[in-house]
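Okay, structure first, notes after.
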Amino acid sequence: MNFNAKELRDAINKRVPFNDDHRIELLERVEERHNETKKSSGQVHIEQEAHGESSLRDSYNISTKSKSWFPKLMTVLLILGFSSVLYTAYQSSLLDFGAMNESEETFESFFHAAMAEMHADEPEFSYSLVHQELDVLHKGDGIAVFLEQNSRGEQIFIAYLKRESGKWKWKYTRGAEWGDPVNWALINEVNLYSGAISDSSIKEVYVGSEKATIVILEDGRRFWYAINEIDEAEVRVITHDGTKIPLNKIDHNLLREVEGDGFAYSDYFKSVDKLNNRGNGTFYEPLTINRMIIAMPDAMKDGIHSFDKDRLPFVVTEESAFLNTATNEEGNVLNEIQLSYHNKSSNGFSNEFYNISVTNLAENPLEKYDFKQEETDTFGNELRAEELTDSVPIFHLVRTNNKAHVYTYYIYNDAESRVGVAVTGANELYTYYNGYLYHVGYMIDEKTEEAYEEILQLTRNFILGN
Amino acid sequence: LIKDNKNTNEESILINLIEKYGQQVHRVIYSYTKDKHTTEDLAQEVFISVYQHLASFKMEAAISTWVTRIAINKAKDHLKSAWVRRTSYNVAQSFFKKEKSAESEALTTIHNEELLNLILLLPLKYREVFILFHIEEFKISEISKVLEINENTVRTRLRRAKEKLSNLFIKEGIDQ
């Protein structure tokens, strides 16, 4: 396999041409943007929160930070005639700090100084303090909610700060990512619950009997927090139509979030289940299957049953369970669990395997198209419509020629702590039952009808809980 | 470049940098995003960043390494969204399949366009080392600096990238 670097460069150049006109345009746009950045740097904005709470919102860039911003800001606010409510809020916050003098640091000035120190080596780092509340748990403590633009993209954090011996101390921090379906965290030490709200249908959040404070950002995104003295209080949301929904409690002691390279899905059935169009994925380090059964989200518990691996036509040398959470095109939270049973050779390759993936899905994708009309897939492989129950079909895609849709499944790279997607060819089973989508991929040496039938029966037993 | 132009103004340095590295930056970003318009937008971000940080550029680093690193970071930031990552992957895959479907099932000799489509199907961590080494002709030591991984990891990933590419060739019935 030889590669001609120049020819390949030319091939890319054709796709992203960069001639003199492009050069001039790029230069002009860079200069324009650079000038805009220079003009806007150092500006601080304060606006009243949409929901009327006395929270603050300022945009702040470390590189342009100035200690003299507050008097200037107040002057601007007074000139512009900003609401007296906001001014009062600011006055109160000053009074709360007592007779402030040069040596006594305010909550906010300490917060900014701490951020500058923590991120001094990150030239492209920026943040915005979007909300603060003082005297939350005790007199002399405070909560800061802030957005960060860091190497991982944009994240929102909540920090708990406390004044000790006359000085502010940064005590605890928890972060969240927008769209993360696992969207609450707990700072055990102060029983501070918090999370991002990704779903617009959510009206209120409750932690036990405590109604959470909801912080609304400029662009409408929301973040909530609440303090409840009860350890591990139930967190639930109330939607606009009054429905109460408990938020998934993920056992973080067992589940560790890791990077992921994307989603596995059925290449043939993706047109109806749209699982290739998931976003906001959160991936977890795989666990043993027994541990996953303990740690999996409640939403998955009715879809996972025991599996008799001893009936597989190969010796299982490695088994593992993967979990990821994501949102689909409609914004619904989907959990996916893949149980993997592999026979691996000494060089780490899976000679034979059986993977079953279970995804909670509100709608039955098989209602969108009657696959019973098809006898083969796009590549001419046999598509058998078998029975899961009398009224529910289970489709069995059996490879009968040397071309087929790719089969993808999750694998884990220990060295990089990363969930990846392996691509291969395999026989597949696909069905929807009781709110769960089941997708199996298996590769076995014994290519007989008896073996295929045994795999089908094992899968039926798993799905139906027999 | 910067050293030789100590007394010239920032704009002329920027012009030089765009002239010298503009196309390369576009190629590198495209290898991550697989989308022309996103590539153009991110290339702008790269040169804005370069412009803003000219003063802090450390002379011990090669400027090409520095610019490439910024380009890669911008591209990776963009791909942080799993949504974006998945969509891009599908675009490349479907593009390749479309081209192949018109061909006979006999073994064919691969053309650069097809080869590029296959390279773009490689998982990101293999694709990036492959492209930097085989297309941008960076040295192993330079790739190690740009991607902030050790040289042995670069070698291992290069080897695996070739293996994976070879498997893709077999899968598509292409003569190597």
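Below, chains carry the letters A, B, ... as their sequence lines are ordered, and counting in each starts from 1.
Heavy-atom distances place the side chain of B/Lys125, and not its backbone, under 4.5 Å from chain A. For B/Glu19, the parts sitting under 4.5 Å from any heavy atom of chain A are the backbone and the side chain alike. Interface remark: A/Lys14 contributes side-chain atoms only to the contact with chain B (heavy atom separation under 4.5 Å). Looking at B/Ile131, neither its backbone nor its side chain comes within 4.5 Å of chain A, counting heavy atoms on both sides. Proximity to chain A is limited to the side chain of B/Tyr30, based on heavy atoms less than 4.5 angstrom apart. Using a 4.5 Å cut-off between heavy atoms, A/Asn324 does not touch chain B at all.
With contacts defined as side-chain heavy-atom distances shorter than 4.5 Å, the pair B/Ile119/A/Leu8 qualifies. You'll find the side chain of B/Gln23 stays beyond 4.5 Å of the side chain of A/Arg9, heavy atoms only.
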Worksheet entry | Derivation and outcome, side-chain contact (heavy atoms from CB on, under 4.5 Å), residues A/Val423 and B/Leu121 | CA-CA 11 Å; A/Val423 180; B/Leu121 286 179; over 6 Å; no

Worksheet item: Would A/Asn13 and B/Arg27 count as a side-chain contact (heavy atoms from CB on, under 4.5 Å) if you check the C-alpha gap in whole Å, the side-chain angles of each, and the deciding distance to 0.1 Å?
Response: CA-CA 7 Å; A/Asn13 291 347; B/Arg27 279 197 307 268; 3.1 Å; yes

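Taking CG of A/Asn4 as the reference point, atom NE2 of B/His134 lies at 12.5 Å (rounded to 0.5 Å). The line from CD of B/Glu136 to CD1 of A/Ile12 is 6.5 Å long, rounded to the nearest 0.5 Å. Expressed to the nearest 0.5 Å, how far CG of B/Leu124 lies from CD of A/Glu259 amounts to 11.0 Å. In this structure, CG on A/Asp10 lies 8.5 Å from CG on B/Asn112, to the nearest 0.5 angstrom.
Heavy-atom minimum distance, B/Lys36 versus A/Arg15: CD-O, 3.5 Å.
Near-neighbour residues of residues 22-29 of chain A relative to chain B, defined by a heavy atom under 4.5 Å from a heavy atom of that chain, comprise A/His22, A/Arg23, A/Leu26, A/Leu27, A/Arg29.
For A/Lys344, the NZ atom counts as densely surrounded, since its 6.0 Å shell holds more than 12 non-hydrogen atoms of other residues, nucleotides or ligands.
Salt bridge annotation for A/Glu416-B/Arg157: present, with a cationic side-chain nitrogen under 4.0 angstrom from a carboxylate oxygen.
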